[in-house]
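Since the structure comes first, as structure tokens, the remarks are kept for the end.
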Amino acid sequence: MITEIFNKIYKIELPVPFPIKTTNVYFVDEPPKTLVDTGIKTEESFEALSKGLEEIGTSITSVERILITHCHIDHYGQAKKLSTLSGASIYIHPKEYGRIRSFIHSFGFLKLILLRNGTPEALANEIIHYFESGQKWGDPLEEAFFLEDGDAVQFQSMRWKTIHCPGHSPGLICFYWPEERILFTGDHLLKEITPNPTLNVPEYGPPFQYPSLKQYLASLEKIEKLDVSLLLPGHGEEVRNPKGLIKKIFGHHRERMDRILSSLSKGEKTPFEIAMNLFPGVPPFEVFLGISEAVGHLEILKEKGMVRLKEKEGKDYYFLET
Ligand SMILES: [Zn+2]
Ligand SMILES: [Zn+2]
């Protein structure tokens, strides 16, 4: 589906085989003709994008620039294919470029992290299998230009600003158009879903750290201070009350932290056990998201001196500081 969101800015929804169903890509019909994110690399996604661009009166081969918000496959998957067809240059934060290239080599670390956080081995293997099989939905990037915090994204008549918002992923970037107070958020802010501070699968070995939630909350504060009236997210509908949404997300995380503390008041637990308390009966990929959420909170609580951890038989157990 195509929506003209703003003069010369179109939202095209592309299908993804995940519960979220669609990814939004945005096409800017002004030189250099630009796509924000690309969707995954499937026939359906490619067809939907071609059709969408045709309806707007343009085509894939006319795309001159591709901006990528972050390293998740539903956002960059068909970037390389589109760039090969159109000659468009790809722009991404250097951290995300590195993560896309190293991801398939980091499943060993991912497994170590999952086991350490209390995931049963069979389930850890299922989660890794899910990620491995998802690699078919995207090509690693080759030539790309880097965008960092503060970098300008120039169009013929407008100038956007890159805003680095680590948290959902370490090198996620939003694009800010100050004159119109518009922000393209990738998955940093979504209307219906609280973005997950996804566990950072590291490029290097232990010690593993879990700063995602802490960074995410700091990035939220950064956006809270920005003069913005319209958010254009990577999934779902646009948001016309950014401050209200940000408040809701802060509240959601406070509530979740309380639930984690109350679950620990009944005794020590691994992040996996906490995730299962928070989200019982979810499929493997969501177990991963649940553990991401749990370790994010536990890391913050540990820094505040409210919880401690001890290792037992290769697993991390967290308990309340008394
Ligand atoms: Zn994402
Ligand atoms: Zn996404």
Side-chain angles (χ1 to χ4, degrees), residues 1 11-26 35-42 44-45 48-49 66-79 82 90-93 95-104 106 110 127 130-131 134-141 147 162-175 183-201 210-213 215-217 219-220 223 231-239 245 249 252-253 283-293 296:
M1 206 173 85
K11 175 172 98 172
I12 308 173
E13 289 172 70
L14 304 182
V16 288
F18 314 136
I20 203 155
K21 291 204 173 88
T22 56
T23 292
N24 297 332
V25 309
Y26 296 92
L35 267 182
V36 179
D37 285 339
T38 69
I40 55 165
K41 194 190 73 171
T42 59
E44 294 80 6
S45 173
L49 180 63
I66 298 170
L67 306 175
I68 294 172
T69 59
H70 68 294
C71 67
H72 295 156
I73 215 151
D74 47 332
H75 298 264
Y76 81 83
Q78 61 183 346
L82 299 178
I90 296 174
Y91 289 77
I92 187 168
H93 191 278
K95 280 198 174 153
E96 303 300 271
Y97 179 82
R99 290 175 62 74
I100 290 171
R101 292 183 74 87
S102 68
F103 188 60
I104 50 166
S106 59
L110 174 58
I127 294 171
Y130 177 87
F131 282 118
Q135 292 303 298
K136 63 179 177 285
W137 291 318
D139 291 321
L141 304 179
L147 282 175
T162 306
I163 301 183
H164 182 210
C165 290
H168 173 70
S169 74
L172 185 145
I173 45 179
C174 295
F175 300 106
L183 185 75
F184 295 81
T185 63
D187 287 352
H188 181 52
L189 285 156
L190 301 171
K191 189 170 184 180
E192 305 296 345
I193 302 161
T194 307
N196 186 270
T198 312
L199 196 146
N200 190 351
V201 183
Y210 311 110
S212 301
L213 181 62
Q215 291 176 346
Y216 180 77
L217 296 172
S219 296
L220 264 192
I223 299 300
L231 305 179
L232 300 180
H235 305 276
E237 277 176 48
E238 51 274 22
V239 177
L245 177 68
I249 297 175
H252 166 93
H253 282 299
F285 176 62
E286 287 172 43
V287 172
F288 171 79
L289 297 179
I291 293 171
S292 295
E293 185 95 32

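For ligands, and for the atoms within them, numbers begin at 1 and follow the listed sequence.
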- Query: Do Tyr76 side-chain atoms and Pro140 backbone N/O form a donor-acceptor pair below 3.5 Å?
  - Reply: no
- Item | Side chains of Tyr91 and Ile68 in contact at under 4.5 Å (non-hydrogen atoms) | no
- Whether His75 and His235 hold their rings parallel, tilted or perpendicular, with breakpoints at 30° and 60°: perpendicular
- Ignoring hydrogens and angles, tell me if any N or O in the side chain of Ser45 forms a donor-acceptor pair with the backbone of Ile40 under 3.5 Å. yes
- Query: In a check of side-chain contact (heavy atoms from CB on, under 4.5 Å) between His188 and each of Ile173, Thr69, Leu231, Leu220, which one passes?
  - Reply: Leu220
- Just the protein N/O/S atoms under 2.8 Å from the Zn ion (ligand 1), please, no waters. His70 NE2, His72 ND1, His168 NE2, Asp187 OD2
- From the list Phe285, Tyr130, Trp137, ring-ring contact (aromatic ring centres under 6.0 Å, His included) partner of Phe18 resolves to Trp137
